[in-house]
Every structure is written in structure tokens, then in C-alpha cells.
Amino acid sequence: MGDTFQTIADPDASAQDAPRLAERVVEWLVAEGIVLAEAAPGWALSEHPAHPPGPNWHKAVTDARWGAPEGVAVHTRPKVFYSLGDSDTHAVTCPRCGGTTTVADDVSARFSTAMGTWDETGATDVDCPACAETVPLPAWAWTDDAFAVARLGFEFWNWPVLSDDFRTRMTGFLEGHRTVFLQGKI
């Protein structure tokens, strides 16, 4: 069976924006009854506290017959969010030149090192293999939404599929920032 997750990440949120935007989204989720206000341990598969589902959690999903979900963890610190897809090969697109590079071998090592630095420091750049420009790691776009490097993310643990309408409404609270939707099963 396993556990599932769906993440909405905001790679454009700055260190100053992330807590404020997280609070805005959580206030909306609480007002809608989708989650409860107080985050608590044990509601998600991480050490991070999560907001338990509220009485109207079904308003966020396409099919509520699936059963009760677990919590929503809200992250406001540098984090590499990932999805668990079927492919080991991913491509990444440079926002400066638009060149797409398959992440393999030396390129993979370059991005892996940068992701580790991001998790530790919240700042790192990667030189584009196509144009040689130095680009901040969160600016890169991954195919198939394989990764999102961000300071703001909302992880929904064991929820039925989030509806497109809900995702659109939620991202409306993020001031027009680019968002990435990731999902997987562990």
C-alpha cells in the first residue's frame, strides 16, 4: 500500500515572503475548514508538525470517498521537494537560455551537490551546461515536476487527489508566484 504525498511548492518565495505567505494560506485553509489551526506532531510522515484535516477537508479533493486524510505539513525553510516518478532520468531547463539538459553523470553530481548546499544554507547556484551562466538553483525548471527547490511548500499526506480548482485557489494566495505540484508514494 504505502503512503502518498502531494506537495504544492513556491520556488519564488523569499526568506521574508515564506512565513507570511504560509500564514496567509493556512488562515484560508482553516477558514474553509480544510485543516485545523494548530499543527501537531504525528499528523504527517515526517518530524515536522502538520495541520490535521478539518471537517471540510473534502472541499480540497476530487473524490472524498477515499477516506480520511492525514495532515498538511507547512515548510518555510529551504527544502528540496521531490516527487517519486517512474523515471530515473530527469531533465532541467535553464531559465536564462531555455536550454534543457538531461541530468546524468557529471550534471547529476553538480545538481546533487547544489541541492545539498540548498538544504543546509538556502543559497546556491548552478552553472548552466548549455550557456555557462550562473543560475540560482530555485530558478531551474524540472521536467515532469520531479523537483522543486523552495522555501515554501505544503505537503498533503495521504490525501485523495487534490482538485485542480483547489490547487488554483490555493496558489492564488501566493501573489502570482510560480508553483510546482509534486506527488509520490513511499
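Computed from a predicted model, the values in this text were never measured in an experiment.
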**Prompt:** In terms of side-chain heavy atoms, does Thr62 have a donor or acceptor partner in Ser163 at a distance below 3.5 Å?
**Reply:** no
**Prompt:** Do Val92 and Val180 belong together in a cluster built from hydrophobic side chains that touch within less than 4.5 Å?
**Reply:** no
**Asked** Can you tell me if Arg151 uses its side chain to pair, donor with acceptor, with the backbone of Gly122 under 3.5 Å?
**Response** yes
**Prompt:** Taking all atoms of both residues into account, what is the closest heavy-atom pair of Leu182 and Ala9, and its distance?
**Reply:** CD1-CB, 4.3 Å
**Asked** For the side chain of Thr121 and the backbone of Ala123, is there at least one donor-acceptor N/O pair under 3.5 Å apart?
**Response** yes
**Prompt:** Sub-3.5 Å donor-acceptor pair from the side chain of Asp10 to the main-chain atoms of Ala13, do we have one?
**Reply:** yes
**Request:** Could you tell me whether a side-chain N or O of Thr143 sits under 3.5 Å from a main-chain N or O of Ala91, the two making a donor and an acceptor?
**Result:** yes
**Asked** In Å, rounded to the nearest 0.5 Å, how long is the span from OG1 of Thr7 to CH2 of Trp157?
**Response** 7.5 Å
**Item:** Distance-minimising heavy-atom pair for Ala39 and Pro49
**Value:** CB-CB, 4.0 Å
**Message:** Within the structure provided, determine whether Pro136 and Asp125 are in side-chain contact (heavy-atom separation under 4.5 Å).
**Reply:** yes
**Asked** Do Phe5 and Tyr82 have ring centroids that are under 6.0 Å from one another?
**Response** yes
**Message:** Quick one, Phe111 and Leu137 - any side-chain contact, counting heavy atoms below 4.5 Å?
**Reply:** yes
**Asked** Are Val80 and Phe154 linked, directly or through other ILVMFWY residues, by side chains that come within less than 4.5 angstrom of each other?
**Response** no
**Backbone N/O of Asp3 and side chain of Asn158: donor-acceptor pair under 3.5 Å** = no
**Request:** I would like to know whether Val35 and Val30 meet side chain to side chain contact (heavy atoms under 4.5 Å, CB included); could you show each step before the answer?
**Result:** CA-CA 5 Å; Val35 301; Val30 170; 4.0 Å; yes
**Request:** List for me each residue that meets salt bridge (Lys or Arg N to Asp or Glu O under 4.0 Å) alongside Arg96, sequence neighbours excluded, and say none if there are none.
**Result:** none
**Message:** Are the side chains of Trp159 and Ile34 in contact, using a 4.5 Å heavy-atom criterion?
**Reply:** yes
Under 3.5 Å, side-chain donor or acceptor atoms of residues 20-27 against the rest of the protein: list the pairs with distances, not counting sequence neighbours.
unit_1, atom_1, unit_2, atom_2, d
Arg20, NH1, Glu175, OE2, 2.7
Arg20, NH2, Asp17, OD1, 3.0
Arg20, NH2, Glu175, OE1, 3.3
Arg24, NH1, Phe173, O, 3.2
Arg24, NH1, Glu175, OE2, 3.3
Arg24, NH2, Glu175, OE2, 3.4

**Asked** Is any side-chain heavy atom of His48 closer than 4.5 Å to a side-chain heavy atom of Glu155?
**Response** no
**Message:** In the structure I gave you, are the side-chain heavy atoms of Leu162 and Phe181 within less than 4.5 Å of one another anywhere?
**Reply:** yes
**Asked** Just by modelled atom types, is the Pro160 backbone N or O under 3.5 Å from a matching donor or acceptor in the Gln6 side chain?
**Response** yes
**Item:** Nearest heavy-atom neighbours spanning Ala114 and Thr124
**Value:** O-CG2, 3.2 Å
**Asked** Hey, does Leu36 have a side-chain heavy atom less than 4.5 Å from the side chain of Pro55?
**Response** yes
**Prompt:** Does Cys128 reach the side chain of Trp140, with side-chain heavy atoms less than 4.5 Å apart?
**Reply:** yes
**Item:** Cys94 side chain reached by Thr101 side chain, heavy atoms, under 4.5 Å
**Value:** no
**Complete:** When every non-hydrogen atom of Val135 is compared with those of Pro95, the smallest separation belongs to CG1-CG, 3.5 Å
**Asked** Between Phe81 and Trp118, is the gap from one ring center to the other below 6.0 Å?
**Response** no
**Request:** Would you kindly confirm whether Trp57 and Val161 end up in one hydrophobic cluster when ILVMFWY residues are joined by side chain heavy atoms under 4.5 Å apart?
**Result:** no
**Atom of Ala130, atom of Cys97 and distance for their closest heavy-atom approach** = CB-SG, 4.0 Å
**Message:** Nearest 0.5 Å, please: how far is CE in Met170 from CD1 in Ile8?
**Reply:** 4.0 Å
